[in-house]
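No hydrogens, no waters, no symmetry mates; every other heavy atom, side chains included, goes into these values.
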Amino acid sequence: MQSLKNTDRSNTCCFIGDGNQNKIFLFDEKAPYYKEIKSKIEKNVVCLIENFSVTNFMSGMDIGFEQCAAEIVLEQKQKYPAITLEGVLPFENHSVNWTWAQRNKYYSIMEKSDKEILLQYHYTDNCMSLRNQYMINNSKYIIFFQCVTSNLDNLILYAKSKKRVVLIIDSGV
């Protein structure tokens with residue numbers, strides 16, 4: 001477990017999805033909304049880099065939005081080599097029940113990441129909430145992805161109470 005206390009995180013942005021695993025299909029490259037959602041993420045990332053000097057990005061590495069955002073950051077490293085990507089893992093075996101293809105994508109992204117942060121070794125009922133709070137506490141900018149029925153309301157309120165800059169990408173579905 002790594003602590004980032006005493007570190008200036010004013011140049012950091014994190015990505016948090018709404019945890020609605022039923023919406024994973026939106027991030028299939030063949031899905032009708034995929035290109036539009038990916039474009040929204042990319043525009044936000046580039047805007048943060050160019051206009052607000054954001055150089056560090058954190059992703060919770062969940063399937064769907066968080067992995068898509070991490071891949072976009074990795075793509076942008078070609079144009080902006082100073083940016084970094086941190087994978088924030090809620091517990092050690094987070095990907096154990098995913099399909100082979102999902103795990104393969106996850107490990108591919110993590111291999112290219114600049115840093116891996118493991119918050120705890122074992123699953124607990126609140127480990128995902130703790131991961132999200134950790135990322136919010138260590139970021140100035142938070143990009144949330146929400147579907148029509150969002151589970152993010154409390155996280156958005158928490159981020160705003162911490163005086164974070166909140167950006168919301170809606171699925172359009």
Note to self: side-chain hydrogen bond (donor to acceptor under 3.5 Å, both in side chains) for Glu86 and Asn56? Distances and angles first, verdict last.
What the structure shows: CA-CA 8 Å; Glu86 298 178 28; Asn56 188 51; 2.8 Å; yes
Next item on the list: For side chain to side chain contact (heavy atoms under 4.5 Å, CB included), just list the numbers for Cys68 and Tyr34, CA-CA rounded to whole Å, side-chain angles, deciding distance to a tenth of an Å, and then say yes or no.
Entry: CA-CA 10 Å; Cys68 181; Tyr34 175 76; 4.2 Å; yes
Margin query: Any heavy-atom pair between the side chains of Arg9 and Lys140 that's under 4.5 Å?
Written below: no
Check: Which is it for Tyr123 and Glu92 under the side-chain hydrogen bond (donor to acceptor under 3.5 Å, both in side chains) test, yes or no, and what are the steps along the way?
Finding: CA-CA 8 Å; Tyr123 173 83; Glu92 194 168 33; over 6 Å; no
Check: Which other residues end up in the same hydrophobic cluster as Trp100, if Ile, Leu, Val, Met, Phe, Trp and Tyr are linked when side-chain heavy atoms come under 4.5 Å apart?
Finding: none
Margin query: With side-chain hydrogen bond (donor to acceptor under 3.5 Å, both in side chains) as the criterion, how do Ser129 and Gln133 come out once you've worked through the C-alpha distance, each side chain's angles and the decisive distance to 0.1 Å?
Written below: CA-CA 6 Å; Ser129 295; Gln133 287 176 4; 5.8 Å; no
Do [X] and [Y] sit within salt-bridge range, that is, some charged N less than 4.0 Å from a carboxylate O?
| X | Y | value |
| --- | --- | --- |
| Lys77 | Asp114 | yes |
| Arg131 | Glu66 | yes |
| Glu71 | Lys105 | yes |
| Lys38 | Glu42 | no |

Margin query: For residues Leu119 and Met128: do they belong to one hydrophobic cluster (side chain heavy atoms under 4.5 Å, members Ile, Leu, Val, Met, Phe, Trp, Tyr)?
Written below: no
Using 0.5 Å steps for rounding, measure from the [atom1] atom of [X] to the [atom2] atom of [Y].
| X | Y | atom1 | atom2 | value |
| --- | --- | --- | --- | --- |
| Ser95 | Tyr107 | OG | OH | 3.5 Å |
| Ile168 | Phe145 | CD1 | CZ | 12.0 Å |
| Cys127 | Tyr121 | SG | OH | 15.0 Å |
| Asn44 | Lys40 | CG | NZ | 9.5 Å |

Item checked: Chi angles and distances behind the side-chain hydrogen bond (donor to acceptor under 3.5 Å, both in side chains) call for Asn11, Thr55 -> CA-CA 6 Å; Asn11 67 338; Thr55 57; 2.6 Å; yes
Notebook entry, point to check: Can you check side chain to side chain contact (heavy atoms under 4.5 Å, CB included) on Leu85 and Leu74, steps first, answer last?
Noted result: CA-CA 7 Å; Leu85 175 65; Leu74 292 173; 3.8 Å; yes
Notebook entry, point to check: Can you name the one residue among Ile143, Ile169, Leu167 that meets side chain to side chain contact (heavy atoms under 4.5 Å, CB included) with Ile41?
Noted result: Ile169
Note to self: Between Ile142 and Met135, is the side chain to side chain contact (heavy atoms under 4.5 Å, CB included) condition met? List the steps.
What the structure shows: CA-CA 8 Å; Ile142 294 89; Met135 291 195 302; over 6 Å; no
Notebook entry, point to check: Can Phe144 and Ile136 be said to form a side chain to side chain contact (heavy atoms under 4.5 Å, CB included), step by step?
Noted result: CA-CA 11 Å; Phe144 289 106; Ile136 291 169; 4.3 Å; yes
Notebook entry, point to check: Would you call the rings of Trp98 and Tyr106 parallel, tilted or perpendicular if under 30° counts as parallel and over 60° as perpendicular?
Noted result: perpendicular
